[in-house]
Amino acid sequence: MRSEELRIGVFDSGLGGLTVVKALTKVIQNADIFYLADTKNAPYGEKTPKQILQFSLDITQYFLDAYKIDILIVACNTATSAAIEILRERYPHLIIIGTEPGIKPAIEHTLTGKIGILATPATLSGEKYQSLANRVANQKNIQLFEQACPGLVEQIEKGEISSDETKKLLEQWLLPMNENGVDTIVLGCTHYPLVGKTISEIMHCDVTLIETGSAIARRTLDMALQRAHKNHGKCTIQMESTGSIDCQAAISILGQETVCHKINIINH
Ligand code: DGL
């Protein structure tokens, strides 16, 4: 790793991964963060694993060519599930950090043993999630209520965080969880913390929401420190998207001015 700023590439299908970037900016200094929102190909959660893998490979290569990144953060549960193993094989010298539904912290937290898992259809049907869930299935007193949320990412990208349509979507998934005594919900998609308030309202606040942004940020810092990163100084964010994106929404998530450019990645 070079002695100057750390270069971190972070990607997701849209605004969701900014929830990870926000957590990152709280712990990382002396770093340049390059965020890519692949909105041209969103939502990932309704694409095939093969397509998601190709998007992830193209973006990683772009980050390496354009910015010579030291660390890649796949700020997307769906892309982690479809691509992380191949990315690690293909780029053995790059530090690669993925995002996985926080089932472990949810188990530590639940009192009723009933845990809701909200994720995209692709994440829930992926092998990675299935093997995680199978391990949990052997634990006594833990019951998982899995719910795929098609359409929710699009609502969030449109800025419809608490519109009637978004509430209706969420209610059909959450009210059965509420009736079943779910007390902890894993937000298994980085977009979902952006509707966290609406979820809590529907669950009458009797619920703890588990997101993984801060754990990813801490892990990133640990990995960087192991490679002689000096964690004091400024942290900059540059944001790009492959299609249209609501820059105002991005700024309000990050709580700071961010320049947003549109770029063109050649998809293979
Ligand atoms: N935010 C992503 C995730 O964590 C992707 C959502 C999507 O594009 O469907 O799964």
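All ligand and atom numbering here is 1-based and tracks the order in the structure.
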- Message: Please evaluate residues F11 and Y35 with respect to the criterion ring-ring contact (aromatic ring centres under 6.0 Å, His included), reporting the C-alpha separation (whole Å), side-chain torsions for both, the decisive distance (0.1 Å), and the verdict.
- Response: CA-CA 6 Å; F11 79 91; Y35 184 76; 8.9 Å; no
- Dump the intermediate steps for side chain to side chain donor-acceptor pair (under 3.5 Å) on T123 and T78, then the final yes or no. CA-CA 5 Å; T123 296; T78 313; 3.2 Å; yes
- Query: Does the distance from a Lys or Arg side-chain N to an Asp or Glu carboxylate O, for K128 and E85, drop under 4.0 Å?
  - Reply: yes
- Test side-chain contact (heavy atoms from CB on, under 4.5 Å) applied to L194 and T19, step by step: CA-CA 8 Å; L194 301 172; T19 58; 3.7 Å; yes
- What is the closest protein heavy atom to atom 6 (C) of ligand 1, and at what distance does it sit? V153 CG2, 3.6 Å
- Message: Under a plain distance cut-off of 3.5 Å, with no hydrogens placed, do Q130 and N134 share a side-chain donor-acceptor pair?
- Response: no
- Is the shortest distance from a heavy atom of G16 to ligand 1 less than 4.0 Å? no
- At under 4.0 Å between heavy atoms, what of T120 touches ligand 1? The answer is side chain
- Note on the structure: Taking only non-hydrogen atoms of N77 and a 4.0 Å limit, the atoms of ligand 1 in range are 3 (C), 4 (O), 10 (O)
- Logged contact type for C189 with ligand 1, heavy-atom cut-off 4.0 Å, is both
- The protein heavy atom nearest to atom 2 (C) of ligand 1 is D12 OD1, 3.1 Å
- Task: Could you check which of Y44, F55, Y192, F11 puts a non-hydrogen atom nearest to atom 7 (C) of ligand 1?
- Result: Y44
- Note on the structure: Counting from 1 in the order shown, the ligand 1 atoms closer than 4.0 Å to a non-hydrogen atom of S13 are 5 (C), 6 (C), 7 (C), 8 (O)
- Item | Residue pair I237 / L254, side-chain heavy-atom distance below 4.5 Å | yes
- What protein heavy atom sits nearest atom 9 (O) of ligand 1, and how far away is it? G45 N, 2.7 Å
- Item | Contact check: E46 vs ligand 1, nitrogen or oxygen atoms, below 3.5 angstrom | no
- Message: Quick one about T48 and Q51 (side-chain donor to acceptor, distance below 3.5 Å, no hydrogens or angles considered), yes or no?
- Response: yes
- How close does the nearest protein non-hydrogen atom get to atom 10 (O) of ligand 1, and which residue and atom is it? T78 OG1, 2.5 Å
- With a 4.0 Å cut-off, would you call K104 and E108 a salt bridge? no
